[in-house]
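Below is one structure, written out as structure tokens; the observations come after it.
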Amino acid sequence: MTRILIIGPPGSGKGTQAERISRRLDVVAISTGDIFRTNVKSETPLGVEAKKYMDAGDFVPDNVTNKMVRDRLSESDVEDGFLLDGYPRTTAQVDYLDEILADRNQSLDVVLQLTADDEELVARLLGRAKETGRSDDNEAVIRHRLDLYHEQTEAVVAKYAERGILTQIDGIGTMDEVTERAIKAGHSLLLP
Ligand code: AMP
């Protein structure tokens, strides 16, 4: 049973690595960004609400995001573990996730943090904007999302570091290199 969180600034390859790592470890990947984007595409009430924030590079409010995660974590496919991608991003979300897991006598096992330099991230995201046309990938929005990461999500990282379950992974390299680093780092925490 493995419960993992992958965390990293926008453009760090978090989504790609989440999919690769979850396949390798045979656990389901849950990406809050993907769930939001699916809802935006099909114009559900959740999607309409989330889009306002996503387009501006803001966080979707905790009450909306927390409920969505609670619902997702109540599905049966997470019973054997999961890899969370993109949640929690605020310390209030950490507390909420703690409560959900504590209700089941569970907790996170490992937090993988992908690291990369801000200017490298901006360059990558501007490249991705050209390829995918994601509406939250223009430079002003990208810089705002990076600021939010530093202002809010680094405090999340610090909380997990205090708990001794954080491992940092250099996010610069080929996709394969970063996946190997992550798997190795994860194993050394899971099987100390
Ligand atoms: P991501 O694909 O993880 O970069 O997420 C894309 C966007 O979805 C973010 O910029 C936020 O607007 C929203 N989002 C995803 N996860 C969260 C979260 N845990 N809390 C608030 N907003 C989120």
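Computed from a prediction, not measured in an experiment: that's the story for all the values here. Every number for a ligand or one of its atoms is a count from 1 in the order of the listing. No hydrogens, no waters, no symmetry mates; every other heavy atom, side chains included, goes into these values.
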- prompt: In the protein, what heavy atom is nearest to atom 6 (C) of ligand 1, and what distance, to one decimal place, separates them?
  reply: R37 NH1, 3.6 Å

Residue K14 vicinity, atoms of ligand 1 by number, heavy atom under 4.0 Å: 3 (O)

- prompt: Looking at I6 and A18, what are the two nearest heavy atoms and their distance?
  reply: CG2-CB, 3.9 Å

- request: Quick one: closest heavy-atom pair of L148 and D58, and the distance?
  value: CD1-CA, 3.9 Å

- prompt: Which residue holds the protein heavy atom closest to atom 9 (C) of ligand 1, what is that atom called, and what is the gap in Å?
  reply: R89 NH2, 3.9 Å

query: What part of D58, side chain from CB on, backbone N/CA/C/O, both or neither, has a heavy atom under 4.0 Å from ligand 1?
result: backbone

- prompt: Considering distance alone, does some N or O of Q93 sit under 3.5 Å from an N or O of ligand 1?
  reply: yes

statement: min-distance protein heavy atom vs atom 22 (N) of ligand 1 -> V60 N, 3.0 Å

message: Under 4.0 Å, heavy-atom basis, I'd like to know which part of T65 is in contact with ligand 1: side chain, backbone, both or neither.
response: side chain

- prompt: Which residue and non-hydrogen atom of the protein lie closest to atom 10 (O) of ligand 1, and at what distance in Å?
  reply: R145 NE, 3.8 Å

- request: Compute the shortest N/O to N/O distance between T32 and ligand 1 and return yes if it is under 3.5 Å, no if not.
  value: yes

message: Between D147 and R143, does any NZ, NE, NH1 or NH2 come within less than 4.0 Å of an OD or OE carboxylate oxygen?
response: no

message: Are any of the N/O atoms on F36, whether in the backbone or the side chain, positioned under 3.5 angstrom from an N/O atom of ligand 1?
response: no

query: Hey, does the side chain of E177 reach the backbone of T174 with a donor-acceptor pair shorter than 3.5 angstrom?
result: yes

message: With respect to Y53, determine whether any N or O atom, backbone or side chain, lies less than 3.5 Å from an N or O atom of ligand 1.
response: no

field: Exam field: side chain S12 to backbone P9, donor-acceptor pair closer than 3.5 Å
entry: yes

- prompt: Between the main-chain N or O of R89 and the side-chain N or O of T153, is there a donor-acceptor pair closer than 3.5 Å?
  reply: yes

query: Are R24 and E180 close enough for a salt bridge, meaning some N to O gap below 4.0 Å?
result: yes

- prompt: If you count the atoms of ligand 1 from 1 in the order shown, which ones are under 4.0 Å from a heavy atom of Y87?
  reply: 19 (N)

query: Is the side chain of D109 donor-acceptor paired with the backbone N or O of R3 at a distance under 3.5 Å, no angle test?
result: yes

task: Kindly confirm or rule out an N or O of G86 lying under 3.5 angstrom from an N or O of ligand 1.
output: yes

task: Go through the side-chain N and O atoms of Q17 and T179 and say whether any donor and acceptor fall under 3.5 Å apart.
output: yes

- prompt: Considering only protein heavy atoms, which is closest to atom 8 (O) of ligand 1, and at what distance to one decimal place?
  reply: M54 CE, 3.6 Å

